[in-house]
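Have a look at the structure below, then the notes.
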Amino acid sequence: MKILVVGGAGYIGSHMVKFLMQQACNITVLDNLSTGHADAVPAALLHKGDLADVDSLDALFTQHQFDAVMHFASFSLVGESITDPARYYRNNVSNTQNLLDTMINHGVYQFIFSSSAAIFGEPEYLPIDEEHPKNPLNPYGRSKWMVEQMLEDYDRAYGLKSISLRYFNAAGADSDGSLGERHNPETHLIPLLLQVAAGQRDNVTIFGHDYQTVDGTCIRDYIHVHDLCVAHWRALNFLQMHKQSEQFNLGNGSGFSVQQVVDACRTISGIEISTTYGNKRVGDPISLIADSKKAKRLLTWQPKYTSLHEIIAHAWCWHQQQLEHK
Ligand code: UFG
């Protein structure tokens, strides 16, 4: 199988590249390295390029006969998407359309798309299944939902078959500690807490503590990056076998509050991570928990890492290795 992994030098993409190599796939990584890291993928696989550059994209598809495309490249900072929506619609929507059009021009009809729980907005019920109404609260979520709708139209008109995987909160790191979550700036809860534990940051602000939840802080469903990779692999197999477009919600099905995540990070690192209470973050839903029954049924997918402690332990292992290499 010859697979193009767009955004393969990023957090989830680089784990996917490693996973696909273990499945003996023939891989090309396309990444503009705006947020990804060249050292996260083997140099021989990396093609530095941008989806905005349609001529180069066309040349890449002429050079390689890809069987399928996995698309991880998008901007994903909710706050930034509110202050600079143009950047999000350009990169996440227009550039994705360039990719889809190039695929069709070259007869490549299998596409796996990284979507997000952000398409749902404030939940009307929990856990959130695939049919839950889509009311994204911010341009980031809207950009993902727009692409999902575009994919529906492209299937109907051009026969492009796609699977949209709606991640809840991706977390954790490769179990051997060789890959992990590295954003700059970092905005995600678990890496921020572990940066404090590692002495790289003084404090983490907890955004809001008067929500209607167990302890007043937001609830999220954390899913290990390895389990997301397995879901992508199963999704690709499903596409090949059934030639049918689908959407799947991917989470563990259990919610943890921000305070519970803080406590787990303290226990695992053995360090009293300093936190303070701050204002609620604009666009933050109170609670997001996935109903992943459809993925379990149709993809025979079962998350391996269902314990929050194990997910955080892998992330902590990676943070410690980073410190050793400094
Ligand atoms: N949080 C804090 N302090 C921080 C950072 C986060 O309290 O400094 C809280 C947030 O308010 C939220 C929780 O920790 O309640 C998790 O926040 P993250 O920023 O780690 O993740 P989000 O839930 O905001 O977003 C993630 C992905 C999005 C995706 C969303 C869907 O980053 O791309 O999950 O569930 F859309």
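Just so you know, ligand 1 is whichever comes first in the structure, and atom 1 is the first atom listed for that ligand. Keep in mind that the numbers below use all heavy atoms, side chains included, and drop hydrogens, waters and symmetry copies.
A donor-acceptor contact closer than 3.5 angstrom is absent between the side chains of S14 and H37.
Not a single heavy atom of V78 lies less than 4.0 angstrom from ligand 1. In this structure, F75 does not count as a contact residue of ligand 1, since none of its heavy atoms falls inside 4.0 Å of the ligand.
Residue pairs satisfying the ring-ring contact (aromatic ring centres under 6.0 Å, His included) criterion with at least one member in residues 252-279, sequence neighbours excluded, are listed as follows: H209-Y277.
Protein heavy atom closest to atom 29 (C) of ligand 1, with residue, atom name and distance, is S116 OG, 3.4 Å. Among protein heavy atoms, atom 2 (C) of ligand 1 sits closest to F207 CD1, 3.3 Å. With hydrogens left out, the protein atom closest to atom 26 (C) of ligand 1 is N169 ND2, 3.5 Å, a heavy atom. The single protein non-hydrogen atom nearest to atom 27 (C) of ligand 1 is H188 NE2, 3.9 Å, given as residue, atom name and distance. Protein heavy atom at the shortest distance from atom 28 (C) of ligand 1 is Y140 CE2, 4.0 Å. Counting protein heavy atoms only, atom 31 (C) of ligand 1 is closest to A117 CB, 3.7 Å. With hydrogens left out, the protein atom closest to atom 13 (C) of ligand 1 is V258 CG2, 3.8 Å, a heavy atom.
A distance-only check finds no donor-acceptor pair linking the side chain of D31 to the backbone of H47 [under 3.5 Å].
A salt bridge links D284 and R220; the closest N-O separation between the charged side-chain nitrogens and carboxylate oxygens is under 4.0 Å. The pair E148-K134 does not meet the salt-bridge criterion, since no charged nitrogen lies less than 4.0 angstrom from a carboxylate oxygen.
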